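In what follows, chains are A, B, ... by sequence order, proteins preceding strands, each numbered from 1. This structure is a prediction, so every number in the text was calculated from the model and none was measured.
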Amino acid sequence: MAVMTYLEAIADGLREAMRADPSVIVLGEDVAVYGGAFKLTRGLLEEFGDRRVIDTPISEAGIVGAAVGAALVGLRPVAEMQFADFISNAFNQLVNVAATSAYRAGGCVPLVVRAPCGAGTHGGPFHSQSVEAYFFHAPGLKIVLPSTPEDAKGLLLSAIADPNPVLFLEHKALYRSLRGPVDGGLAFVPLGRAAVRRPGRDVTVATYGMMAHRSLEAAEAAAREGVEAEVIDLRTLLPLDLETIAESVARTSRLLVVHEDRLRGGLGAEIASYIGEHLFTSLDAPVSRVAAPDTPVPYAPPLEGAYLPSAERIREAIVRLARW
Amino acid sequence: MAVMTYLEAIADGLREAMRADPSVIVLGEDVAVYGGAFKLTRGLLEEFGDRRVIDTPISEAGIVGAAVGAALVGLRPVAEMQFADFISNAFNQLVNVAATSAYRAGGCVPLVVRAPCGAGTHGGPFHSQSVEAYFFHAPGLKIVLPSTPEDAKGLLLSAIADPNPVLFLEHKALYRSLRGPVDGGLAFVPLGRAAVRRPGRDVTVATYGMMAHRSLEAAEAAAREGVEAEVIDLRTLLPLDLETIAESVARTSRLLVVHEDRLRGGLGAEIASYIGEHLFTSLDAPVSRVAAPDTPVPYAPPLEGAYLPSAERIREAIVRLARW
Amino acid sequence: MAAGNAPAWPAGAGTPRTVEPGRAAPPQELPEGIGAEDLRALYRYMLLQRTAEERIIHLYRQGAVVGACFTGYGHEAIAVGAAYALGPMDVAATLHRDLGARLVLGMPVRLYFANFLGRTGSPTRGREGNLHIGGLGPRILLHTDFIGANVAVAAGAALAFAVRREERVAMAFFGEGALATGEYHEGVNLAAVQRLPLALVCWNNQFALSTPVAQEICGPIVERMAGYGMPASAVDGNDVLAVYRAARTAVDRARRGEGPSFVECCTMRIRGHSEADDASYVPKALLDEWRPRDPVARFEARLREFGVLDSGEAEALRAGVVAEVDAAQAWAEASPPPDPTELERGVYCEARPWP
Amino acid sequence: MAAGNAPAWPAGAGTPRTVEPGRAAPPQELPEGIGAEDLRALYRYMLLQRTAEERIIHLYRQGAVVGACFTGYGHEAIAVGAAYALGPMDVAATLHRDLGARLVLGMPVRLYFANFLGRTGSPTRGREGNLHIGGLGPRILLHTDFIGANVAVAAGAALAFAVRREERVAMAFFGEGALATGEYHEGVNLAAVQRLPLALVCWNNQFALSTPVAQEICGPIVERMAGYGMPASAVDGNDVLAVYRAARTAVDRARRGEGPSFVECCTMRIRGHSEADDASYVPKALLDEWRPRDPVARFEARLREFGVLDSGEAEALRAGVVAEVDAAQAWAEASPPPDPTELERGVYCEARPWP
Ligand SMILES: Cc1ncc(C[n+]2csc(CCOP(=O)(O)OP(=O)(O)O)c2C)c(N)n1
Ligand SMILES: Cc1ncc(C[n+]2csc(CCOP(=O)(O)OP(=O)(O)O)c2C)c(N)n1
Ligand SMILES: [Mg+2]
Ligand SMILES: [Mg+2]
């Protein structure tokens with residue numbers, strides 16, 4: 001078991017998949033010669049050649065559309081968006097063309113769209129977005145957002161092996177800042193299962209991505225006040241592992257959902273509604289949400305800092321719920 | 001006060017706005033000579049000429065992009081999507097370019113995108129969609145979906161007069177099936193305010209669009225069982241009038257959200273979470289949702305019929321909540 | 001490690017292309033490799049498309065087909081001629097006026113009826129209507145209604161062939177209206193820079209719904225396409241052999257690894273955009289000009305001229321087509337409508353290739 | 001009934017274009033209407049862009065500029081020359097290498113520094129960074145990072161001018177990478193069929209990040225653009241007068257109501273894509289070929305040749321530019337960063353024109 005950064009772990013997963021299966025190809029803007037805007041695909045061109053690692057023109061719809069066509073005739077394309085923000089240009093191909101294919105025609109479209117998402121690197125409104133909520137409503141799509149190097153590799157492997165289109169979000173602020181142990185080889189982590197990162201009896205915190213880390217930090221701080229929060233990292237956002245959340249809330253009777261994405265219409269809304277409806281009688285406090293405000297992601301550090309939910313805000317919410 | 005169909009009322013609003021303000025133009029595929037795929041813009045070319053009523057090539061991103069540019073230099077464009085489904089191709093222009101303009105630059109983009117949405121006309125997966133949830137998460141956008149001819153006209157006038165980009169959804173199954181009284185002239189109906197369509201003390205039903213009608217039908221049926229439901233038609237989906245819902249739930253202690261759009265990540269999730277959090281202690285039953293299943297809209301009548309929430313399903317949910 | 005898109009029916013139709021012994025050799029002007037049997041096959045496919053679509057119009061008027069109703073009436077030479085140029089391993093991305101291409105690629109016409117009628121016998125099991133039949137067997141790619149989207153998808157299939165060094169070709173069908181779309185543009189541009197084995201077959205029927213071509217695209221289409229750095233030619237879209245010849249050139253070129261090309265098939269939409277459209281915006285002169293050039297009648301006349309179809313054969317062939325359509329319709333009508341319990345099934349694919 | 005987009009500063013820069021009395025007439029080859037004063041103005045704008053961007057690179061290296069850092073180093077002749085061809089009521093949609101165009105259109109350079117530094121003095125009040133300054137006064141349209149998107153927006157401004165029968169022109173700036181995008185295509189196609197007053201100014205700097213132009217577009221760019229049915233010409237993008245002349249032709253044509261045209265300004269990206277990119281993928285030969293053609297140095301040499309700039313004047317001008325940049329930087333540095341309480345303000349516009 002090696003220690004890798006989050007970025008290295010994703011690259012490792014990609015490399016392992018390409019070694020295991022000649023039908024896995026990589027395409028996107030500057031992924032080959034340059035090795036990707038974040039240098040994540042560096043070395044793939046050298047190892048797998050220019051038939052399997054393909055630089056494309058700036059054309060997100062063309063890239064995802066081409067991935068759909070290639071998938072329909074038996075490849076397993078992994079397309080890269082330079083930034084998750086730009087997937088807005090491929091919205092139709094992903095949501096309408098790819099995701100509905102199974103339902104409409106029984107046709108499998110095994111493709112992965114990798115997209116670096118998230119704020120915290122001063123990218124401004126169009127290089128910092130969380131895009132998961134836009135796609136969460138789409139039938140037939142899967143969505144992943146890992147928070148650890150191990151999951152990043154293992155979930156990517158599962159995403160590539162999955163017969164459905166998968167939007168694989170990577171938090172760019174974790175790329176080089178986070179290191180962790182990663183198994184070698186085809187170390188799959190299954191899609192659709194949340195991970196309990198920290199057990200706790202008082203409050204359940206359901207979260208993902210960068211906020212999994214901030215929530216753990218907040219849980220430690222809350223523990224110093226005598227409140228024990230259970231932190232669940234969703235990992236796969238679609239299909240969503242509501243069972244794990246429900247099982248925890250059945251014990252804690254309190255739920256806080258935390259995400260970096262904006263509040264309104266974010267994933268927290270679905271989770272809160274589901275738990276609110278199905279565990280109504282178990283709840284001892286209102287299901288609460290901590291999320292970004294309903295604004296674009298601002299550039300200047302004081303604004304971006306205020307935009308992102310802080311560990312302090314999360315701690316406060318945990319303690320408030322526990323004492324409710 | 002004339003009696004008009006829902007379609008005629010929208011056409012009337014458009015005509016009044018164009019008469020009142022020379023900066024209002026209409027653009028889209030087949031809107032001029034043909035009068036629009038649903039013949040809603042018929043007669044506008046003759047009255048306002050081909051400078052203000054413009055047939056475009058098939059290019060949804062180009063249409064919305066052009067509307068943004070025209071709005072930035074002082075026009076008030078009203079763009080038509082032939083079907084709401086196709087707005088997926090203009091997702092970037094609407095969500096990223098238009099909607100964030102005020103925040104990023106203080107620039108106003110007063111434009112309206114009209115889009116016929118909804119199922120029930122056997123249009124299949126790509127001519128039947130409810131698209132509001134995809135846009136509900138976008139900061140800076142407004143979303144409207146009227147359920148009556150009067151609102152359709154009055155809200156369109158308000159949308160055109162609004163300095164922000166507005167997605168104006170029109171339920172195509174109401175176009176010719178629904179008639180009602182409509183005031184002449186510039187009969188504005190304000191954005192952002194829900195309408196209580198039926199008072200009731202037992203259960204609050206928050207709904208919109210076609211489901212406003214089904215919910216009223218269901219409420220009548222429930223009344224025959226002694227349950228009085230208050231039916232709120234949201235009308236404007238963004239900004240959402242949560243106050244009116246909260247005020248009602250404070251009285252009824254029970255909330256059912258009903259929409260035609262799919263359940264997961266639909267507007268019901270946001271409404272349920274908000275009420276679940278803010279009226280926790282007032283609730284006597286879990287906030288419930290009735291919505292379409294998480295599938296594309298199927299074509300064949302038996303499937304499409306099962307897909308759409310029925311008055312019977314809504315009645316059942318109302319009564320279940322009341323008796324909870 | 002296929003993606004699990006299994007063939008929906010045995011392939012094979014439209015493959016034998018030898019010249020027949022014991023019949024007069026067809027005239028010089030025939031495309032290379034096209035013999036009498038091919039000529040009759042081409043004609044039969046065209047007639048089958050025409051007959052099936054006329055039947056659907058009839059069912060639509062009766063109310064048996066609900067929703068919208070699109071046909072490729074008058075576009076038969078394009079659909080059939082172009083698809084006939086494909087080899088047995090090639091694929092096509094189709095759209096709303098190319099039933100004939102699907103027939104050439106082996107789709108049984110009963111599926112056409114089953115889909116229009118929303119029956120479980122259709123590969124979409126009633127989830128889609130019209131000619132929106134998706135993922136038809138191994139050779140017809142997923143259908144999508146979004147104009148332009150299928151061209152990017154076809155480019156992707158061509159990309160896969162290039163990646164695997166297979167000598168296979170992808171063909172995309174679309175109307176001239178598609179040329180304005182961003183998805184078309186991105187797909188075509190990608191194919192051009194990557195020199196992908198893609199044959200682009202455009203039916204220019206002079207209108208996109210009510211919008212005349214001059215308001216969709218500025219200047220000649222072949223010049224627009226030449227700008228992408230690919231060969232582009234225009235042919236008479238009502239002449240099935242002209243279409244075949246041009247498409248064959250494009251397909252052969254693609255197969256040789258020389259990249260994509262574009263064929264504009266000039267025609268005219270004789271009926272409304274859909275059966276709900278009276279097309280009153282179309283100048284009568286245009287219709288008068290094009291009506292006499294009906295591709296099916298014209299090709300029948302030519303076959304008689306060539307001496308490959310006499311009155312008796314023509315009669316028998318026509319009767320055979322009608323019988324096939326009758327049987328297809330009856331089969332589809334006997335196919336049950338989907339049960340509401342199917343509604344939530346199959347949103348995701350289940351198979352997974354690895355451990 | 002304006003949309004409430006009030007000017008952020010008084011317009012006016014870059015307007016006087018008379019030939020100066022009492023100086024040697026400039027050589028024959030000068031574009032019509034361009035006199036000594038214009039020549040010095042053009043040079044000054046180029047030098048101002050160069051100097052300001054060099055300063056920003058410095059601040060970026062110091063860590064005062066966070067996030068990404070893009071400059072238009074080497075693209076000054078394109079930005080300045082093309083924008084100088086606009087009239088006082090014309091507008092431009094800009095992108096990441098055209099600071100000079102914004103300067104010509106009247107943007108005070110202090111706003112450039114304020115935006116890069118994320119200060120409230122910037123029109124974005126720190127919500128955007130880099131050169132992503134949106135809605136800059138009445139003449140610079142909303143900036144968006146999405147490559148290609150601004151061309152559709154520029155087409156819309158041109159549409160508005162056509163609708164109101166105003167003799168105004170919209171100019172769009174973009175790199176050659178934009179030509180592959182769907183939004184570019186849809187915007188340009190719309191402008192072509194509608195004959196909108198749009199001038200398309202492309203800097204072809206031979207790379208889109210690491211991707212060489214041959215992998216972005218197949219064949220010559222001017223042929224691609226001619227396919228849209230519009231005049232397309234290529235000029236030396238390091239020669240400000242050549243750019244001005246071509247842009248002026250495009251602008252005049254647009255103003256006469258004859259529709260859009262395209263100017264390819266050939267240059268080379270001398271620095272990395274951003275300041276974080278060492279551009280090691282760029283062949284050294286290309287850099288060696290282009291470095292000596294630096295547009296600023298070259299134009300200074302020409303001005304001396306023309307006799308419109310002597311050493312003393314050059315020195316004074318340079319000192320003036322440095323002083324302006326110093327002052328702009330100081331002003332921006334003195335401008336406070338946004339307060340977190342601003343975070344949720346202004347998501348919607350508030351004004352409403354009617355009752
Ligand atoms: C992206 C998109 N926008 C709009 C439509 C609605 N629509 C369906 S067919 C059509 C006209 C297509 O014209 P063309 O491509 O020329 O084909 P034709 O119908 O003339 O055969 C339009 C606008 C669509 N299907 N997809
Ligand atoms: C739609 C979209 N996709 C990807 C990007 C990321 N990106 C930013 S600049 C750039 C290259 C642009 O190349 P070009 O247009 O030639 O301009 P240059 O940077 O060479 O001046 C890319 C891919 C983007 N901004 N927008
Ligand atoms: Mg057409
Ligand atoms: Mg470039």
Engineer: I'd like to verify something: which residue of C:E186, C:M230, C:Q215, C:Q194 has the highest number of heavy-atom pairs under 4.5 Å with chain D?
Structural biologist: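 Ranked by contacts with chain D, first place is C:E186.
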Engineer: Can you tell me which of D:E223, D:E183, D:E216 forms the most heavy-atom pairs within a distance under 4.5 Å of chain C?
Structural biologist: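 With the most close heavy-atom pairs to chain C, the winner is D:E216.
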Engineer: Could you have a look at C:I217, C:L190, C:T181 and say which one has the most heavy-atom pairs with chain D under 4.5 angstrom?
Structural biologist: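 It is C:T181.
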Engineer: Please state whether the side chain, the backbone, both or neither of C:A180 comes within less than 4.5 Å of a heavy atom of chain D.
Structural biologist: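 Contact with chain D involves both backbone and side-chain atoms of C:A180.
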Engineer: Can you tell whether the side chains of D:R248 and D:D252 come within less than 4.0 Å, N to carboxylate O?
Structural biologist: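 Yes.
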Engineer: Are any of the side-chain heavy atoms of C:N205 and C:V213 separated by less than 4.5 Å?
Structural biologist: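 They are not in side-chain contact.
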Engineer: Could you verify whether a donor N or O on one side chain and an acceptor N or O on the other, from C:N150 and C:H143, lie under 3.5 Å apart?
Structural biologist: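 On atom types as modelled, these side chains do not qualify, holding no pair under 3.5 Å.
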Engineer: When rounded to the nearest 0.5 angstrom, what distance separates OH in D:Y228 from CG in D:L200?
Structural biologist: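 Nearest 0.5 Å value for the OH-CG distance: 10.0 Å.
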Engineer: Among D:G219, D:G229, D:C218, single out the residue with the greatest number of heavy-atom pairs under 4.5 Å to chain C.
Structural biologist: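 Max contact count across the listed options: D:C218.
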Engineer: Identify whether NZ of Lys or CZ of Arg in D:R97 sits under 6.0 Å from the centre of the six-membered ring of D:F70 and within 45° of that ring's axis.
Structural biologist: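 Ring-cation test returns no.
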Engineer: Does any heavy atom of chain C fall under 4.5 Å from the side chain of D:A192, the backbone, both, or neither of them?
Structural biologist: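 The answer is both parts of D:A192.
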